[in-house]
There are 2 protein chains.
Amino acid sequence: MKDITSKLINLFKQGYCTPQIARIAKKIKEPSTTIHYNIKKLEREGKIISYKGVFDYKKIEEGHVTFILVNLSDDNYGEPEGVAQELAKDPRVESIDICTGDYELIIKLRTKDIDEYYEWIKNTVHKFKFSKSYSITSLKQVKTEFVELK
Amino acid sequence: MKDITSKLINLFKQGYCTPQIARIAKKIKEPSTTIHYNIKKLEREGKIISYKGVFDYKKIEEGHVTFILVNLSDDNYGEPEGVAQELAKDPRVESIDICTGDYELIIKLRTKDIDEYYEWIKNTVHKFKFSKSYSITSLKQVKTEFVELK
DNA sequence: GTTAATATTTGAAGATTATTCAGTTATATA
DNA sequence: TATATAACTGAATAATCTTCAAATATTAAC
């Protein structure tokens, strides 16, 4: 066993996919060279960043979703971007936004289970000196990354 | 002008992409047939749902992100799934979860601007009889769909 | 521990698809 | 209206995916 699947999952999380030009050409009834031209244009303009996989996260041990609202400590309050970019490096962080309202950050985190979540939040609160955080746990994911789940 | 790009964006939002087997094979130094076999296995097992595009949403007129926490009316409180699945059909809804805590739903919505957001929330509150909602606006997207933004 | 069944890996061949290129048509600009 | 630029497209080529059959490895049963 070479455990290729876990490597594949990591690659597909961010990219290593490509458009199906021939299939699209059939679908919208245009020549494949026209489709090709328009896709390259979207890429050139930077409108398309990447092509990636979407998973049934329960089946890949990432079924536990938590939204975490964060207050930063006084030290980091003025510049949340550095903290956010650091957190963004964690592959379990699906999204992170700097936001309005009572909290400065909103993080969408994917872990295997509540135990892994607990470890993550404990370590992260300590490391980044969050002054407060409020976690909302997903009970059921109905749609993710624009893809409806069945 | 045939406006092919907007059709492409819609298709890539949910799929119409495919893995780059040859590129992956080089990357992890395994034969492409082995990569092929393992990908098909992941698909067969339902671990991979789809391959899709990720966009620079500001450049495609979807740069305004809002997280909306929702309380349902008494009518819908007991069965939030129906409401969630209905909302999931909207292409501007990136994700929707049924959740713990003070609110029953958490929606991640992408609109062109705050005006489109206002129209959406006004219509949706009315249509689905939300008893209360709390919106958090993203000021800066640092990471989305597991992809770091620059 | 041996055997049988099943799953994974792999190279070679064929089928399909992406890409390049050159020419055409359409759109925008002066 | 003339000119420049952008968008579209068919034909040929290059690259990739997919199938297949055989080898190897893993698992299960006895």
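Keep in mind that the numbers below use all heavy atoms, side chains included, and drop hydrogens, waters and symmetry copies. Numbers restart at 1 for each chain; the letters A, B, ... are given by sequence-line order, proteins then strands.
Checking C:dT9, D:dC8, C:dT8 against every side-chain atom of B:Thr34, the shortest atom distance belongs to C:dT9.
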* Reading nucleotides 13-21 of chain D from the 5' end, what letters show protein touch, with B for base, S for backbone sugar-phosphate only, - for no heavy atom under 4.0 Å? -> ---SSSB--

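Side chain of B:Asp113 to backbone of B:Asp115: a donor-acceptor contact under 3.5 angstrom is found.
Taking atom CD1 of residue A:Ile28 and atom P of nucleotide D:dT9, one finds them 10 Å apart after rounding to whole Å. In this structure, CD1 of A:Ile35 is placed 15 Å from C1' of C:dT19, rounded to the nearest angstrom. Atom CG in A:Asp3 sits roughly 12 Å away from atom P in C:dT8 (whole-Å rounding). The interatomic distance linking B:Lys41 (NZ) with C:dT10 (P) rounds to 15 Å, in whole Å. What separates CD1 of B:Ile4 from P of D:dC8 is a distance of 5 Å, to the nearest Å. Rounding to whole angstrom units, CD1 of residue A:Ile24 and P of D:dT9 are separated by 15 Å. Note: CG (B:Leu8) to P (D:dC8) measures 10 Å, nearest angstrom. Straight-line distance from the CG atom of B:Leu42 to the C1' atom of C:dT8: 13 Å, rounded to whole Å.
With sequence neighbours excluded, no residue forms a salt bridge (Lys or Arg N to Asp or Glu O under 4.0 Å) with A:Lys58. Looking at residues two or more places apart in sequence or on another chain, you find no side-chain hydrogen bond (donor to acceptor under 3.5 Å, both in side chains) involving B:Lys143.
One finds no side-chain N or O of A:Tyr37 lying less than 4.0 angstrom from the OP1 or OP2 phosphate oxygen of D:dC8. Regarding contacts with the backbone of D:dC8, a side-chain N or O of A:Asn38 is found under 4.0 angstrom from either OP1 or OP2.
Screening residues 11-34 of chain B for ring-ring contact (aromatic ring centres under 6.0 Å, His included), with sequence neighbours left out, gives A:Tyr51-B:Phe12.
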Could you list the donor-acceptor pairs under 3.5 angstrom formed between side-chain atoms of residues 80-88 of chain A and any protein atom two or more places apart in sequence or on another chain?
none

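Counting Ile, Leu, Val, Met, Phe, Trp and Tyr side chains that sit under 4.5 Å apart, directly or through other members, A:Tyr134 shares a hydrophobic cluster with A:Val65, A:Phe67, A:Leu69, A:Tyr103, A:Ile106, A:Ile136, B:Val65, B:Phe67, B:Leu69, B:Tyr103, B:Ile106, B:Tyr134, B:Ile136.
Nearest heavy atoms, A:Asn71 versus A:Asp102: ND2-O, 2.8 Å.
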